[in-house]
Structures are given as C-alpha cells and as structure tokens.
Asker: 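Below you will find the structure I want to go over with you.
Start at 1 and go down the list; that is how both ligands and their atoms are numbered. Start at 1 with the first residue, then count along the sequence.
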Amino acid sequence: MSATIRKKRLSPKAIEAMKGERPIASLTAYTTPIARLLDPHCDLLLVGDSLGMVLYGMDSTLGVTLDMMIAHGQAVMRGAENACVIVDLPFGSYQESKEQAFRNGARIMQETGCDGVKLEGGEEMAETVEFLVRRGIPVFGHVGLMPQQVNTVGGFRTLGRGDEEADRIRRDAQAIANAGAFAVVIEGTVEPLAREITAALAIPTIGIGASAACDGQILVCDDMLGIFEDFTPRFVKRFATLAPQISDAAKTYAQEVKARSFPGPEHVMGAKPRS
Ligand code: KIV
C-alpha cells in the first residue's frame, strides 16, 4: 500500500456548510503554477470564464469556448489538493436547454475532474440548476451583474439601485438557492441589497463588488496581484503590485542579453574557463 495519503479537496457540500461558520476565501485560477500557490490558502478556486479577458485579451467573456474552459480546468486541477475547484460553463454552452447544460456540465466534470460548475442566471436558469443538481452536478450560481449578459444589460455597471432591479436580483438569488445551488456569487450589486440577500438565503453568498457581509469573497487573481498596470475597479484591492516587478525583470533581462552579461559561466554547461 502506498504511504502517500492524498489530501481530499473541500466538497461543494462542505462549502455550503460553511455558511454561518466563517467567511469563505475564493480566488480565480487558470493555470497549474498559480493554482499550486493559491490552493493552500483558499477554500474555493474558480476557473472563471474571466480568463477570456485576463489571459486572452478579449473584450468580454463571450468568446470563451468549452474547450478553453476544459483545458484550463485540467490545468488548475493539476495544482489543487485542498480547495474546491469549480469551472465556469461558458456563454452559449448551457442557456439553450437544460439538456444542453447537463451535457456540457457533465463533459466539464468528466474531462477535468473538478467539483462542480458555475453558471450565470436567476429565475430563468432555476429549472436548469435543479435538473443538473438532481443528476449529480453541483452548481455554483451567479446573480447580480452577469458578464455574459453584458450586451443586454448595457455594459458593466453596479446593479440594484432601483426598486425593480433590486427586486429582480432578490428573486434571482432566491430562485437559484431554491433550485439546489450549493452557493451563489453576487457580483456588482449595491451593498445593502447584497447584505439583505445574504441574510435571507440558506446557502452561502460569495461577493465580488457586493458586500463585506457576504458569506465569502472572490476576486480575479490577476487583479488582486496587480498584474495589470491600467484600470483597477473600485472593488479590487491590490494585495501585491506585480506589474512593475515583471516589467523591471524583463528590462534587466533584455539589457543583460544585449550586453552579453547573461548567460554567465554559471548558467552554461561545459564552458571553457576564462583565461
Ligand atoms: O469568471 C469569473 O472570474 C467570475 C468571478 C469574477 C466571479 O465569474
């Protein structure tokens, strides 16, 4: 028998049970080395379709494909031992029917080995969420600002200011919880509403640009690491500022290559000693 005991990742049920216990720390991850670094500290790693914008330079998440999500899901799974790993269903892979959602959700689960899938939507997706959960696919919901609906909502903006909009978000969150989701992201939603929804739901809410009262928080990893030099949304706190460090390292490297000071004798094999 092998002496190595593989640690088990947190399950969606364990994440659900954390409501009322302690805040849930979540980050996005898209690659193996980053997953390895985040995994010991995070409860949940999300392979978000934000990877389209963060890694591929797209203007929105709409161009992200199922194959991209599966490739990055597999990469993150190679680096995660402790955290619950959830992979986003990308735009167009689940909205058509609950059968389409099951087929693609099952493919993500089978090909990546992840712990569940996330999908965006409220009341209109509740039947789909129930269909998936009853057939063995844990679902992480996502309400409030839904980036896959950027074209019908009219851009990325904070939602829930008017009564009608607030009421819709309230109903969306409740519908996804009633349908059996194990947790729900509340994105880009005014603070009092996110707080109220958190108090009303039996499942954990994970906030991004929402409220400190949410049951957990999530940020896009590259945002919180400060990998971008340009625009940082107000809800992002930079826990590191890597952009200037990366840029300085590249500058020094290029200077050394051009000056022939890199590689030095210690970086090459079988070099003749300098006379
Ligand atoms: O795609 C993503 O990264 C997300 C999080 C920001 C919640 O949906």
Asker: Against the six-membered ring of Phe131, is Arg135 placed for a cation-pi contact (under 6.0 Å from the centre, within 45° of the normal)?
Answerer: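 Yes, Arg135 sits over the ring of Phe131.
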
Asker: Enumerate the side chain to side chain donor-acceptor pair (under 3.5 Å) contacts for residues 207-222, please, sequence neighbours excluded, ordered by first and then second residue.
Answerer: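 Of all non-adjacent pairs touching residues 207-222, those that pass side chain to side chain donor-acceptor pair (under 3.5 Å) are Lys19-Asp215, Glu191-Ser211, Thr205-Asp215.
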
Asker: Could you pull out the closest heavy-atom pair between Cys84 and Leu10, with the gap in Å?
Answerer: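 Closest pair (atom of Cys84, atom of Leu10, distance): CB-O, 3.1 Å.
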
Asker: So, Gln174 and Glu123: side-chain donor and acceptor under 3.5 Å apart, yes or no?
Answerer: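 Result is no, nothing qualifies.
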
Asker: N or O contacts of ligand 1 with protein under 3.5 Å, please list pair by pair.
Answerer:
{"from": "ligand 1", "atom 1": "1 (O)", "to": "Asp49", "atom 2": "N", "distance (Å)": "3.2"}
{"from": "ligand 1", "atom 1": "1 (O)", "to": "Asp49", "atom 2": "OD1", "distance (Å)": "3.0"}
{"from": "ligand 1", "atom 1": "1 (O)", "to": "Ser50", "atom 2": "N", "distance (Å)": "3.1"}
{"from": "ligand 1", "atom 1": "1 (O)", "to": "Ser50", "atom 2": "OG", "distance (Å)": "3.3"}
{"from": "ligand 1", "atom 1": "1 (O)", "to": "Asp88", "atom 2": "OD2", "distance (Å)": "3.2"}
{"from": "ligand 1", "atom 1": "3 (O)", "to": "Ser50", "atom 2": "OG", "distance (Å)": "2.5"}
{"from": "ligand 1", "atom 1": "8 (O)", "to": "Lys118", "atom 2": "NZ", "distance (Å)": "2.9"}

Asker: One thing to verify: whether Asp248 and Lys251 come together as a salt bridge, which I'm taking to mean a side-chain N less than 4.0 angstrom from a carboxylate O.
Answerer: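 Salt bridge: no.
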
Asker: Look at the aromatic rings of Phe262 and His267 and report parallel, tilted or perpendicular, splitting at 30° and 60°.
Answerer: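 Phe262 and His267: tilted rings.
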
